[in-house]
Amino acid sequence: MLDLEVVPERSLGNEQWEFALGMPLAQAISILQKHCRIIKNVQVLYSEQMPLSHDLILNLTQDGIKLLFDACNQRLKVIEVYDLTKVKLKYCGVHFNSQAIAPTIEQIDQSFGATHPGVYNAAEQLFHLNFRGLSFSFQLDSWSEAPKYEPNFAHGLASLQIPHGATVKRMYIYSGNNLQETKAPAMPLACFLGNVYAECVEVLRDGAGPLGLKLRLLTAGCGPGVLADTKVRAVERSIYFGDSCQDVLSALGSPHKVFYKSEDKMKIHSPSPHKQVPSKCNDYFFNYYILGVDILFDSTTHLVKKFVLHTNFPGHYNFNIYHRCDFKIPLIIKKDGADAHSEDCILTTYSKWDQIQELLGHPMEKPVVLHRSSSANNTNPFGSTFCFGLQRMIFEVMQNNHIASVTLYGAPRPSSLARVEQSTH
């Protein structure tokens, strides 16, 4: 049985690990994987058709804990303990729930002190006692007790009427004063772990198509010589088609992995695949998993030739390999007719394919069907995705109409050395 410390408005954990509000989904899953011998039978719950409408949930069934992640930013929003018989809980080092100590209303008062009068929810037949960043739900034994806990009873002091010995049914840890209106907080400093995160990624483009990426990066930087001055710093970096490996490394740092392409599976869709001379070298990717970005370099010139932006939707084959890339792609929509003009629109990580088609028009060609599977296991439980090409971009579309990834192509620009030479003339 897990023995965990409760920190209101912050976290649930022990000396080995901690689930902190604002923690990225991938970090929580990493903790579960590392401690898989202790924390077993974890479920991932999400809406297959409307993944942005419902929280993404990690359900620790053996321990009676749910971790609720915001559907958009994929950071931890609420920690719910829904079965207190499966876990030991303490506050400030003192247990208020264990096999020997029942979490009664008296025990909660003793451990956490006084608070405002509670709120009775007639529909759920639950009584909610709220502290800042922490709520307890008590089960009422019978309907005959219910009228005494209506808000208007005893001038609103219904909390004074909770029966002695009433025990906690659920506990919630969240940010702020209101569980219903709570949002996932900003990522805490303890979760950076020396990594750089992307707050947003903007696609730079001209009238013809994409030119590169402008990334707003977040890092936990330190003041000069003082660890206590650690704070989140934001920096902006831009990378372009035609940039060298050195340009990219200078801007973004080392990738998490370098992947060499063994074969080009899309070559068959080119006009003359049989005429293409096999290369002695393979193109290679810089994989930036935490940024949600892949960068492809030409094997001969070692210049950027492709960017891939990943949305990390649940129900996709690559789910949880990448963090979600929160991108913005400006689109130039040309209106024909008497009032011909150009209209600017922004495409985001959360745009759906039917909305994109309304803006850009339907692709002339049929989509390429992409069926991913590993070499060890040929099954893919999530099914195929469909790739559509528009305006030097390839959209990988899932069966629920959401975008799984966007691949950007562009005419290579001069290398950084050439740009310097041009600027000197």
Side-chain angles (χ1 to χ4, degrees), residues 1-15 18-21 38-39 41 57 59-68 76-182:
M1 183 180 285
L2 295 178
D3 190 353
L4 304 176
E5 177 83 20
V6 172
V7 183
E9 207 174 15
R10 199 186 88 179
S11 65
L12 179 70
N14 56 28
E15 293 177 352
E18 180 182 60
F19 294 122
L21 296 177
I38 301 167
I39 306 173
N41 303 327
I57 300 171
N59 184 13
L60 286 57
T61 57
Q62 180 180 274
D63 307 295
I65 299 170
K66 283 182 183 175
L67 305 175
L68 285 71
L76 184 55
K77 183 171 77 172
V78 176
I79 302 169
E80 175 187 349
V81 181
Y82 62 87
D83 190 342
L84 279 78
T85 63
K86 295 181 177 181
V87 65
K88 295 179 184 177
L89 299 172
K90 55 189 176 183
Y91 175 63
C92 294
V94 180
H95 284 98
F96 65 90
N97 174 61
S98 68
Q99 290 160 317
I101 303 171
T104 60
I105 179 62
E106 291 82 9
Q107 182 63 51
I108 298 302
D109 280 342
Q110 181 182 332
S111 298
F112 293 90
T115 184
H116 299 289
V119 179
Y120 176 65
N121 187 313
E124 295 178 317
Q125 209 177 353
L126 289 175
F127 192 92
H128 301 290
L129 195 61
N130 302 316
F131 300 83
R132 182 172 177 84
L134 184 70
S135 290
F136 295 96
S137 298
F138 295 86
Q139 179 78 59
L140 299 181
D141 293 333
S142 67
W143 283 101
S144 61
E145 293 180 341
K148 289 189 290 185
Y149 311 113
E150 294 293 346
N152 295 329
F153 182 82
H155 308 288
L157 300 178
S159 59
L160 304 177
Q161 306 289 327
I162 300 177
H164 293 293
T167 57
V168 176
K169 183 179 181 185
R170 296 194 195 104
M171 182 191 78
Y172 302 91
I173 302 172
Y174 53 94
S175 178
N177 285 316
N178 191 322
L179 176 61
Q180 273 64 47
E181 296 177 3
T182 190

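Counting from 1, the numbers follow the sequence of the chain as shown.
Here the straight-line distance linking atom CG of Leu2 with atom NZ of Lys88 works out to 10.5 Å at 0.5 Å rounding. Going from atom CE of Met171 over to atom CG of Leu12 covers 5.5 Å, rounded to the nearest 0.5 Å. Rounding to the nearest 0.5 angstrom, the gap separating the CD atom in Glu9 from the CG atom in Leu21 is 8.0 Å. Note that OG of Ser175 and CZ of Arg132 are 7.0 Å apart. Values are rounded to the nearest 0.5 Å. Between Leu76 atom CG and Phe19 atom CZ the span is 8.5 Å, to the nearest 0.5 Å. Atom OH in Tyr172 sits 6.5 Å away from atom CG in Leu179 (nearest 0.5 Å).
Contact check for Leu68 versus Tyr174: no side-chain heavy atoms found under the 4.5 Å cut-off. Between Leu134 and Phe136, some side-chain heavy-atom pair lies under the 4.5 Å cut-off. Under the 4.5 Å side-chain criterion, counting only non-hydrogen atoms from C-beta, Leu126 is in contact with Arg170. In this structure, the side chains of Ile65 and Leu4 come closer than 4.5 Å at one or more pairs of heavy atoms. Side-chain atoms of Ile173 and Val78, non-hydrogen and from C-beta on, never get closer than 4.5 Å to each other. With a 4.5 Å cut-off on side-chain heavy atoms, Asn130 and Asn177 do not count as touching. Side-chain contact between Glu18 and Glu5: absent, with no pair of heavy atoms (C-beta onward) separated by less than 4.5 Å. Using a 4.5 Å heavy-atom cutoff, the side chains of Asp3 and Asn14 are not in contact.
Qualifying side-chain hydrogen bond (donor to acceptor under 3.5 Å, both in side chains) partners for Lys169, counting only residues two or more places apart in sequence or in other chains: Gln139. Taking Phe131 as the reference, Phe112 meet the ring pair (Phe, Tyr, Trp, His ring centres under 6.0 Å) condition, with sequence neighbours excluded.
Tested against Val81, the residues Asn97, Val87, Asp63 include a single side chain to side chain contact (heavy atoms under 4.5 Å, CB included) partner, Val87. No option in Leu129, Val168, Thr167 other than Leu129 meets the side chain to side chain contact (heavy atoms under 4.5 Å, CB included) test with Ile105.
Between Lys86 and Met1, the closest heavy-atom pair is O-CG, 3.4 Å. Annotation for Lys66 and Asn59: closest pair CG-OD1, 3.6 Å, computed over non-hydrogen atoms. Closest approach of Ser11 to Ala20, counting heavy atoms only: CB-CA, 3.9 Å. Looking at every heavy atom in both residues, Pro8 comes nearest to Tyr91 through CD-CE1, 3.6 Å.
Proximity of a side-chain donor or acceptor of Ser111 to a complementary backbone N or O of Gln107 within less than 3.5 Å is detected.
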- Task: Let me see the working for Ile79 and Leu67 under side chain to side chain contact (heavy atoms under 4.5 Å, CB included), right down to the final yes or no.
- Result: CA-CA 5 Å; Ile79 302 169; Leu67 305 175; 4.1 Å; yes
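Donor-acceptor pairing under 3.5 Å is recorded for the side chains of Asp83 and Thr85.
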